[in-house]
Amino acid sequence: MATSYGPPRATVDLISTGTTVSKDIPSESLELITLFYNSTGVFHTIKPEHNIKDSFSNLIGGVLKVIKIQRGKISCLLTIKPPTLNGYGGLHGGSVGALAERVAIACARTVVGKDKNLFLGELSISYLSAAPRNAEVIVDGSVVRSGRNLTVVAIEFRHKESGRLAFITRSTFYNMPIASL
């Protein structure tokens, strides 16, 4: 069951937005697409307080607490808060990806020198179970392999209470020398 947060918002008709719709799209399908976009907020504007440089970092950083750092390993505590939820009340897949990227970069930095930039080349995510609002999740990252040009980091997201696996991610970074111009 989808959960709505905040006050009800006005709905928008796709046709009135100037969207070009192919004539071979049945009206029933167009209605379902419009309902989906309205329910997910596609037509809403960004609030001024969020329309600032790097506001996403503040959002993601506000739910993550570093527990332990070792060479090639990092552990964090993630508390699932409303801004990171999807419409069903669980951690949004985009939030999982953003958190995985942040933890993977920090983990990779424990073995890759500061003389190299890290470029994310690949991020895969397996969604195994939901992480509901206010749940605490232990995020454990470890370097699988690190060489001269490549670093691979695996991350497990486990429910703190039960130890049940929620998500598994794997990130591949390209280690590039910093340009000296």
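Every value quoted in this text rests on a predicted model; they were computed, and no experiment measured them. Nothing fancy with the numbering, it's 1 onward along the sequence. Atoms considered below: every heavy atom in the structure, side chains included; atoms not considered: hydrogens, waters and symmetry mates.
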**OP:** Determine, stepwise, if the pair F173 / I105 fulfils side chain to side chain contact (heavy atoms under 4.5 Å, CB included).
**Re:** CA-CA 8 Å; F173 294 99; I105 289 170; 3.6 Å; yes
**OP:** Evaluate the side chain to side chain contact (heavy atoms under 4.5 Å, CB included) criterion for residues E101 and L120: first the C-alpha distance (whole Å), next the side-chain angles of each, then the deciding distance (0.1 Å), finally the verdict.
**Re:** CA-CA 8 Å; E101 180 187 20; L120 181 63; 3.9 Å; yes
**OP:** Please check if the side chain of S95 supplies one atom and the backbone of L91 the other of a donor-acceptor pair under 3.5 Å.
**Re:** no
Original post:
So, R145 side chain and V152 main chain: donor-acceptor pair closer than 3.5 Å or not?
Top reply: no
Original post:
Should L77 and K160 be marked as a side chain to side chain contact (heavy atoms under 4.5 Å, CB included) after you check the CA-CA gap, both sets of side-chain angles, and the distance that decides it?
Top reply: CA-CA 8 Å; L77 175 65; K160 183 178 179 184; 4.1 Å; yes
Subject >> Close side-chain approach of S142 to E156, heavy-atom, < 4.5 Å >> reply: no
Original post:
So, N175 side chain and G147 main chain: donor-acceptor pair closer than 3.5 Å or not?
Top reply: yes
**OP:** Give a yes or no on whether E31 atom CD has more than 12 heavy-atom contacts from other residues, nucleotides or ligands under 6.0 Å away.
**Re:** no
Original post:
What distance do I25 atom CD1 and I33 atom CD1 have between them, rounded to the nearest 0.5 Å?
Top reply: 6.0 Å
Original post:
Would you find a donor on one side and an acceptor on the other, under 3.5 Å apart, between the side chain of T110 and the backbone of G72?
Top reply: yes
Original post:
Taking everything shown except K116 itself, do over 12 heavy atoms lie less than 6.0 Å from its NZ?
Top reply: yes
Subject >> Distance, nearest 0.5 Å, that separates OH of Y174 from CG of L150 >> reply: 6.5 Å
Subject >> Criterion side-chain contact (heavy atoms from CB on, under 4.5 Å) against L64, the qualifying member of L99, T84, T79 >> reply: L99
**OP:** Taking R109 for its side chain and G113 for its backbone only, find out whether a donor-acceptor pair lies under 3.5 Å.
**Re:** yes
Original post:
Looking at SG of C107 and CZ of R71, how far apart are the two atoms once the value is rounded to the nearest 0.5 Å?
Top reply: 11.0 Å
**OP:** Output yes when a side-chain donor or acceptor of H92 lies under 3.5 Å from a complementary backbone atom of G94, and no otherwise.
**Re:** yes
Original post:
Is there side-chain contact between Y127 and V96, with at least one heavy-atom pair below 4.5 Å?
Top reply: yes
**OP:** Flag yes if V153 and I168 sit in one hydrophobic cluster, no otherwise; membership is Ile, Leu, Val, Met, Phe, Trp, Tyr, and two members link when side-chain heavy atoms are under 4.5 Å apart.
**Re:** no
